[in-house]
Amino acid sequence: RNLMATIKRLNINKFTTESDNDAFIEELKQLWLSWSHPSASGNVTVDINKDRNDPTQMTAFVTASNDEAMKAVDEFAINAVIPMRDKYEHENIKVDAELLVSINK
């Protein structure tokens, strides 16, 4: 598999309260577990993290092995994740990047 094709996306959500953050994380986990799409199968991982220093903030780090898989994630996000998240007061930051190299030490 060509590493150059790997797409990474970081979504940072900051909520007004820690309880909203916890509730959103729980809903997001359930949503991800229930979601399936042929393009995404085996091609997408998501890491959902709660910020250690700011309990009102969370990140979702999505890794897709190709454009089709990321397109499927985008559709899912627009149709399911964003409407769910928008029930909570939040700020959102989205960072999109191509993975050029991954170095482990």
**Prompt:** Hey, mind stepping through T63 and I7 against side chain to side chain contact (heavy atoms under 4.5 Å, CB included) and telling me if it holds?
**Reply:** CA-CA 6 Å; T63 305; I7 303 154; over 6 Å; no
**Message:** Is there a side chain to side chain contact (heavy atoms under 4.5 Å, CB included) between V46 and F61? Walk through the geometry before answering.
**Reply:** CA-CA 5 Å; V46 65; F61 200 62; over 6 Å; no
**Asked** side-chain hydrogen bond (donor to acceptor under 3.5 Å, both in side chains) between N21 and T56: does it pass, once the steps are laid out?
**Response** CA-CA 6 Å; N21 191 23; T56 66; over 6 Å; no
**Prompt:** Would V62 and T45 count as a side chain to side chain contact (heavy atoms under 4.5 Å, CB included) if you check the C-alpha gap in whole Å, the side-chain angles of each, and the deciding distance to 0.1 Å?
**Reply:** CA-CA 6 Å; V62 179; T45 58; over 6 Å; no
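With a 4.5 Å cut-off on side-chain heavy atoms, I12 and Q57 count as touching. Inter-residue side-chain proximity for V95 and R9 is flagged as unmet; no heavy-atom pair is nearer than 4.5 Å. Between N92 and N11 the shortest side-chain heavy-atom distance falls below 4.5 Å. Here the side chains of I48 and W32 are in contact, with some heavy-atom distance below 4.5 Å. With a 4.5 Å cut-off on side-chain heavy atoms, V44 and M70 do not count as touching.
Applying the salt bridge (charged side-chain N to carboxylate O under 4.0 Å, His left out) test to every pair with at least one member in residues 51-64, sequence neighbours left out, gives these pairs: K14-D54.
Here the CG atom belonging to N43 is positioned 11.5 Å from the CG atom belonging to D67, to the nearest 0.5 angstrom. Taken to the nearest 0.5 Å, the CD atom of E26 stands 9.5 Å off from the CG atom of L28.
In this structure, the ring-ring contact (aromatic ring centres under 6.0 Å, His included) partners of F24, at least two apart in sequence or on a different chain, are F15. In terms of the salt bridge (charged side-chain N to carboxylate O under 4.0 Å, His left out) criterion, residue partners of K50 (sequence neighbours excluded) are, by chain and number, E18, D22. For E91, the salt bridge (charged side-chain N to carboxylate O under 4.0 Å, His left out) criterion is met by no residue, not counting sequence neighbours. Partners of K8 under the salt bridge (charged side-chain N to carboxylate O under 4.0 Å, His left out) rule, at least two apart in sequence or in another chain, do not exist in this structure. Residues passing the salt bridge (charged side-chain N to carboxylate O under 4.0 Å, His left out) test with R85: none are found, sequence neighbours excluded.
Across S39 and A69, no two heavy atoms sit closer than the pair O-CB, 3.5 Å. Listed here is the closest heavy atom pair of H90 and Y88: ND1-O, 3.1 Å. Contact record, W35 with A72: CZ2-O, 3.5 Å, taken as the closest heavy-atom pair. Pairing each heavy atom of I78 with each of I82, the nearest pair is CA-CD1, 4.2 Å.
Using a distance-only test at 3.5 Å, with no hydrogens or angles considered, no donor-acceptor pair links the side chain of S41 to the main chain of P38. The backbone N or O of E75 lies less than 3.5 Å from a partner atom in the side chain of N79, making a donor-acceptor pair.
M84 and V73 fall within the same hydrophobic cluster, defined by Ile, Leu, Val, Met, Phe, Trp and Tyr side-chain heavy atoms under 4.5 Å apart, directly or through other members.
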